[in-house]
Amino acid sequence: MTETNPKLIADQASQRYQEGDFEQAARLFSEAAQAYQEAGNAIDAAEMRNNQSVALLQIDDFQGALDAVLETDVVFAEAGDIRRQGLALGNQAAALEELKRLDEAVERYQASADLLEKAGEDQMRALVMQSVAWIYIKRGKFFEGLFAMNSGLSGVKNPTLKQKILRTLLKLRTW
């Protein structure tokens with residue numbers, strides 16, 4: 001008999017993810033999403049699709065990762081959950097970045113960063129802006145990259161040691 005309890009399936013998926021079995025985790029997250037959707041729980045279904053996307057990124061299925069996470073931001077927006085909306089946009093951006101759709105990735109990362117800032121997620125916002133910075137730097141847009149990095153770090157209330165060092169280095173800039 002197939003397990004249809006979405007919570008149990010989600011727990012199994014998380015376990016597989018923790019064990020590094022990303023392919024099985026992605027499959028189980030997809031099953032959990034379907035079970036939650038069938039139970040009328042769109043929010044948890046969207047959460048499972050985001051988890052599925054992260055697992056698919058781990059196995060280099062970038063298009064699958066994007067397909068899994070598309071429109072989940074809308075579900076969270078409709079629910080008024082700006083934190084998860086921001087995370088969903090960040091997941092979309094990560095998949096787009098891997099697909100070399102960099103302009104779209106930067107747009108989604110920026111939208112993600114704005115929402116995460118509103119949600120008070122300063123560390124997550126810093127990570128998102130770091131991704132933006134690296135895209136700019138890889139494209140030869142060094143100053144835009146530094147600006148994005150500085151922007152991400154400026155809102156961090158309790159910076160890590162690495163973030164403190166980066167802040168100090170950015171203050172020493174010579175432009």
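Nothing fancy with the numbering, it's 1 onward along the sequence.
- Nearest heavy-atom pair, Gln92 versus Glu71, reported as atom, atom and distance to 0.1 Å: NE2-N, 3.8 Å.
- Among residues two or more places apart in sequence or in another chain, the salt bridge (charged side-chain N to carboxylate O under 4.0 Å, His left out) test is passed with Lys138 by Glu97.
- Considering CG of Leu28 and CG of Leu8, their distance stands at 11.5 Å, rounded to 0.5 Å.
- Atom CG of Asp61 is separated from atom OG of Ser53 by 9.5 Å, given to the nearest 0.5 angstrom.
- Using a 4.5 Å cut-off between side-chain heavy atoms of Ile, Leu, Val, Met, Phe, Trp and Tyr, with links allowed through other members, Leu102 and Leu96 fall into different hydrophobic clusters.
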Checklist line | Criterion side chain to side chain contact (heavy atoms under 4.5 Å, CB included) on Ser14 and Phe29, from CA distance to verdict | finding: CA-CA 8 Å; Ser14 295; Phe29 281 130; 4.0 Å; yes

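- Under 3.5 Å, the side chains of Thr72 and Asn50 contain a donor-acceptor pair of N or O atoms.
- The cluster map of Ile, Leu, Val, Met, Phe, Trp and Tyr, joined by side-chain heavy atoms under 4.5 Å apart, puts Val74 and Ile43 in different clusters.
- Under a hydrophobic-cluster definition in which Ile, Leu, Val, Met, Phe, Trp and Tyr are linked whenever side-chain heavy atoms come within less than 4.5 Å, directly or via other members, Tyr17 and Leu56 are assigned to the same cluster.
- Arg49 places a side-chain N or O within 3.5 Å of a backbone atom of Ala68 that can act as its donor or acceptor partner.
- The CD atom of Glu121 sits 10.5 Å away from atom CG of Leu127, with the distance rounded to the nearest 0.5 Å.
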Note to self: Let's go through Leu115 and Arg83 carefully: what are the C-alpha distance in whole Å and the side-chain angles of both, what is the deciding distance for side chain to side chain contact (heavy atoms under 4.5 Å, CB included) to 0.1 Å, and is it a yes or a no?
What the structure shows: CA-CA 7 Å; Leu115 289 166; Arg83 178 186 172 276; over 6 Å; no

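- Nearest heavy atom pair, residue Ala119 against residue Ile82, reads N-CD1, 3.7 Å.
- Ion pairing between a basic and an acidic side chain is recognised when a charged N comes within 4.0 Å of a carboxylate O; Asp11 and Lys7 show such pairing.
- Within the 4.5 Å cutoff, no side-chain heavy atoms of Met48 are placed close to those of Gln37.
- Annotation for Ala88 and Val69: closest pair O-CG2, 3.9 Å, computed over non-hydrogen atoms.
- Residues Tyr36 and Ala45 share a closest heavy-atom pair of CB-N, 3.7 Å.
- Nearest heavy-atom pair across Arg84 and Phe76 is O-CD1, 3.4 Å.
- Here the shortest heavy-atom pairing between Val75 and Ala42 reads CG1-O, 3.6 Å.
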Next item on the list: Carefully, step by step, assess Leu116 and Ser112 under the rule side chain to side chain contact (heavy atoms under 4.5 Å, CB included).
Entry: CA-CA 6 Å; Leu116 292 170; Ser112 172; 3.6 Å; yes

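- Atom-to-atom distance recorded for Glu47:CD and Gln52:CD is 12.5 Å, nearest 0.5 angstrom.
- Between the side chains of Gln63 and Asp67, at least one donor N or O lies within less than 3.5 Å of an accepting N or O.
- Comment: Arg139 engages Asp103 in a salt bridge, judged by a side-chain N to carboxylate O separation of less than 4.0 angstrom.
- Placement of Leu89 and Val106 in two distinct hydrophobic clusters is found when ILVMFWY residues are connected by side-chain heavy-atom separations under 4.5 Å, directly or transitively.
- Put simply, CG on Asp21 and CD on Gln58 are 12.0 Å apart, with the number rounded to the nearest 0.5 Å.
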Next item on the list: Could you walk me through whether Lys141 and Glu144 pass salt bridge (Lys or Arg N to Asp or Glu O under 4.0 Å), step by step?
Entry: CA-CA 5 Å; Lys141 297 181 177 184; Glu144 290 90 338; 5.4 Å; no

Check: For Gln12 and Gln15, what are the C-alpha separation, side-chain angles and deciding distance, and is it a side chain to side chain contact (heavy atoms under 4.5 Å, CB included)?
Finding: CA-CA 5 Å; Gln12 290 172 355; Gln15 180 65 35; 5.6 Å; no

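- Under a hydrophobic clustering in which Ile, Leu, Val, Met, Phe, Trp and Tyr are joined whenever their side-chain heavy atoms come within less than 4.5 Å, directly or via other members, Leu57 and Phe22 fall into different clusters.
- Put simply, CD on Gln34 and CD on Glu38 are 4.5 Å apart, with the number rounded to the nearest 0.5 Å.
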